[in-house]
Amino acid sequence: MADKQELARIFAEVAVLLELKGENPFKIRAYETAARILEELDGDLEDFVASGRMDATKGIGQALGLKIREFLADGRVKYFEELKAAVPAVLFELVKIPGLGPKKALQLYEKLGVNSIGELEYACRENRLVALPGFGAKTQERILQGIDYVKRFQGQFLLVDAWPLAEKAAAWLEGQPGVDRAAVAGSIRRRKETVKDIDVVVAAADPAAATELVAAMPGVEAVLGRGPTKTSVRLANGMNMDVRAVMPEEFAAALHHFTGSKEHHVGLRGLAKDKGLKINEYGIETAVGERLPVPDEAAFYRMLGLAYIEPELREGLGEIEAAAGGTLPELVTARDIQGVFHVHTTFSDGSATPAEMAAAARERGWGYLGVSDHSRTAVYARGLRLETVAEQRREIERLNAANPDFRLMAAIECDILPDGSLDYPDEVLAEFDFVIASVHSAFRQSEADMTRRIIRAMENRYVGVLGHPTGRILLARDGYGVDLGAVIAAAATTGTVIEINASPYRLDLDWRWCRKAKETGVLLAVNPDAHAPAELDYVRYGVAVARKGWLSAADIVNTRPAAEAMALLRRKRA
DNA sequence: GCCGTTTTCGGCCCGACTGTTTTCAGTCG
């Protein structure tokens with residue numbers, strides 16, 4: 001079967017290749033758009049073409065349509081292969097360095113014969129870049145710093161590391177004299193799971209003075225650049241932070257602008273243009289250049305004839321059309337969460353007892369907590385032997401009897417063994433209040449085997465929840481190969497809930513798949529997978545994933561009271 | 001590359017900052 005993801009990757013790579021060739025930027029955008037369309041495509045590619053849906057899709061015209069048909073027929077795109085052969089591979093590496101774009105990268109390759117990042121670093125140290133036209137000592141120094149950045153961090157950071165830092169920076173700035181307001185913008189505000197840098201927007205009567213302040217902020221290691229409205233700094237942990245300062249009346253428009261995403265803005269600005277308006281980072285202007293006041297973001301969208309679009313949805317994935325048509329979902333919030341199903345205790349690899357975890361859950365205003373320690377095969381995590389299962393159950397019953405207003409559930413995170421069977425026999429599984437099934441071993445199975453394995457586990461009537469469906473660890477390990485489309489379809493037919501593992505190191509199910517799950521009729525559960533009381537707060541990251549995935553409270557099992565939630569996790573037993 | 005009841009050609013989002021320039025290209029978001 002032709003893989004639409006592969007074709008999406010090909011088109012995305014064509015876009016990069018064209019950029020390296022200095023092609024028309026709008027042609028490049030056409031390929032980027034096509035890649036996104038394919039990534040988000042519902043159903044398979046053959047059907048997309050055969051049904052005529054492709055021909056009706058805006059953004060795919062004659063040339064791209066031909067290439068899609070070629071891919072379906074031959075499994076390849078000749079144009080891509082020719083391009084790839086004509087563009088040196090090293091250029092792909094070079095443009096990942098901040099400050100290096102296609103033009104300069106090409107010069108380095110052609111004039112200095114640079115064939116790798118290592119060679120570029122060496123050329124900088126030999127002071128050979130300064131002789132090139134358009135280059136100078138500062139560019140060379142900047143490139144050296146950029147190489148260091150890429151080598152140390154691959155240029156990416158976890159949301160969990162960036163978000164608190166960003167909030168701290170905004171709070172500090174807001175406390176400075178002359179500063180009206182400060183707020184976190186950028187991909188952190190959109191709650192992307194990994195981010196490149198921190199963006200903060202500041203309102204001040206004297207913006208230039210406000211940007212001056214940034215250098216004095218605690219944790220700032222170096223000032224990378226400074227203009228009248230923007231300061232870029234590097235923080236001690238290696239992250240870059242941009243602070244943009246505007247007049248108070250420009251704050252909402254600026255916050256919107258710097259929240260992005262780029263794709264969202266492109267869509268909005270096209271729409272504005274149709275209405276004879278112009279959007280820039282300072283506000284909305286009429287055709288005659290009159291600046292219209294934008295008191296807040298809701299007004300901003302209203303002026304464009306749109307419902308308010310939450311930051312998490314601003315990815316250019318249909319949210320503008322939905323806002324125009326009044327079909328945006330009401331997104332779930334952290335306040336909707338009434339309890340969680342997946343935590344570990346001292347019975348396996350957690351650091352707190354069930355009583356301590358329950359107390360921490362109550363402090364957070366929740367009414368229930370599922371204790372789901374590891375099963376026996378997970379020896380590395382001190383998985384529960386059968387005797388311990390009984391012991392834990394007695395402890396949970398004791399706690400429930402003592403605290404009638406809070407419900408502890410005796411559950412298990414049961415390993416899915418390599419053949420798709422479960423780690424305990426059915427008669428043991430039947431004893432648990434509910435069962436979460438997860439893969440913790442044999443990650444290297446083929447995609448087909450892994451998909452069969454997981455689906456077989458979901459077919460077990462005691463399995464209420466599929467845990468962390470891909471096993472990925474962000475910035476550390478890709479998930480195992482698995483056909484998530486097939487897993488989601490099987491979740492729907494078997495009535496299995498899919499977990500949104502809220503550990504900020506996992507965030508698995510990915511938000512990009514949440515919408516698909518919802519449309520397929522699958523319920524999800526936001527679970528912290530906490531191994532300590534403080535980690536219950538991971539739920540905020542899981543809620544962020546759900547929101548990015550267009551989910552409402554009704555799509556999430558643990559927005560319901562205990563009895564109702566339990567019934568959903570046990571519905572396959574009926 | 002795509003798109004179009006104003007257009008089949010000429011548009012396609014918009015601006016800041018840097019560094020290397022004597023008026024602007026490249027990069028970034």
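In what follows, chains are A, B, ... by sequence order, proteins preceding strands, each numbered from 1.
- One can place CG of A:Leu271 at 16 Å from P of B:dC12, the figure rounded to the nearest angstrom.
- The distance from atom CD1 of A:Ile284 to atom P of B:dG15 is 13 Å, rounded to the nearest whole Å.
- Between the CD1 atom of A:Ile37 and the P atom of B:dG1 there is a distance of 15 Å, rounded to whole Å.
- The phosphate of B:dC14 has neither OP1 nor OP2 within less than 4.0 Å of any side-chain N or O from A:Tyr282.
- Ion pairing between A:Arg291 and A:Glu285 holds under the 4.0 Å rule for side-chain N and carboxylate O.
- Across all strands shown, the partner of B:dC2 is B:dG11, judged by Watson-Crick or G-U wobble contacts whose two distances both fall under 3.5 Å.
- For A:Tyr31, no side-chain nitrogen or oxygen approaches OP1 or OP2 of B:dC2 to under 4.0 Å.
- Residues satisfying the side chain to side chain donor-acceptor pair (under 3.5 Å) test with A:Gln140, not counting sequence neighbours, are A:Asn127.
- The pair A:Arg191-A:Glu315 fails the salt-bridge criterion, with no side-chain N (NZ, NE, NH1 or NH2) lying under 4.0 Å from an Asp/Glu carboxylate O.
- A salt bridge between A:Arg472 and A:Asp508 is absent, with no side-chain N of the basic residue lying under 4.0 Å from a carboxylate O of the acidic one.
- Among the atoms of the strands shown, only primed sugar atoms or phosphate atoms (P, OP1, OP2) are found under 4.0 Å from some heavy atom of A:Pro228.
- A perpendicular orientation is assigned to the rings of A:His265 and A:His256, their planes being inclined by more than 60° (bins at 30° and 60°).
- The side chain to side chain contact (heavy atoms under 4.5 Å, CB included) search around A:Glu39 returns A:Gln5, A:Ala8, not counting sequence neighbours.
- When the C1' atom is used for both B:dC9 and B:dC24, the distance is 29 Å, rounded to whole Å.
- Within the nucleic acid shown, A:Phe11 has no heavy atom closer than 4.0 Å to any nucleic acid atom.
- Here B:dC14 presents its P atom at 9 Å from CD1 of A:Ile279, a figure rounded to the nearest Å.
- Rounded to whole Å, the P atom of B:dT27 lies 15 Å from the corresponding atom of B:dT21.
- Taking atom C1' in both B:dC14 and B:dT8, the straight-line distance is 28 Å, to the nearest Å.
- Rounded to whole Å, atom P of B:dC13 lies 13 Å from atom NE2 of A:His265.
- Between A:Tyr505 and A:Tyr538, the ring planes are perpendicular. Angles over 60° get that label, and only those under 30° would be called parallel.
- A:Leu18 comes within contact range of no nucleotide atom at all, as no heavy-atom separation falls under 4.0 Å.
- Mapping A:Tyr79 and A:Val266 onto DNA chain B via the closest heavy atom, the residue that lands nearer the 5' end is A:Tyr79.
- Spacing of C1' atoms, B:dT5 relative to B:dG15, comes out at 34 Å, to the nearest Å.
- The interatomic distance linking A:Lys27 (NZ) with B:dG1 (C1') rounds to 7 Å, in whole Å.
- For A:Arg125, the side chain to side chain donor-acceptor pair (under 3.5 Å) partners at least two apart in sequence or on another chain are A:Glu121.
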Note to self: Does the protein touch nucleotides 19-29 of chain B at the base, only the backbone, or not at all? Give it as B, S and - per nucleotide, heavy atoms under 4.0 Å.
What the structure shows: SS-----SSSS
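- As rounded to the nearest Å, B:dC12 and B:dC17 have P atoms that lie 24 Å from one another.
- Straight-line distance from the CD1 atom of A:Ile28 to the C1' atom of B:dC13: 16 Å, rounded to whole Å.
- At whole-Å resolution of the value, CD1 in A:Ile68 and C1' in B:dG1 are 12 Å apart.
- The gap from the C1' atom of B:dT22 to that of B:dC28 amounts to 25 Å, rounded to the nearest Å.
- At B:dC13, one or more side-chain N or O atoms of A:Arg29 fall inside 4.0 Å of OP1 or OP2 (strictly under the cut-off).
- Between A:Tyr282 and A:His257, the distance separating the two ring centers is not shorter than 6.0 angstrom.
- A distance of about 14 Å separates the P atoms of B:dC13 and B:dG4, rounded to the whole Å.
- Not counting sequence neighbours, the partners of A:Lys96 by the salt bridge (Lys or Arg N to Asp or Glu O under 4.0 Å) test are A:Glu93.
- Salt-bridge annotation for A:Glu70 and A:Lys78: absent, with no side-chain N of the basic residue lying under 4.0 Å from a carboxylate O of the acidic one.
- Nucleotides B:dA16 and B:dG10 place their C1' atoms 28 Å apart, quoted to the nearest Å.
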So which protein N/O to nucleotides 3-11 of chain B N/O distances come out below 3.5 Å?
residue: B:dC3; atom: OP1; partner: A:Gly59; partner atom: N; Å: 2.8

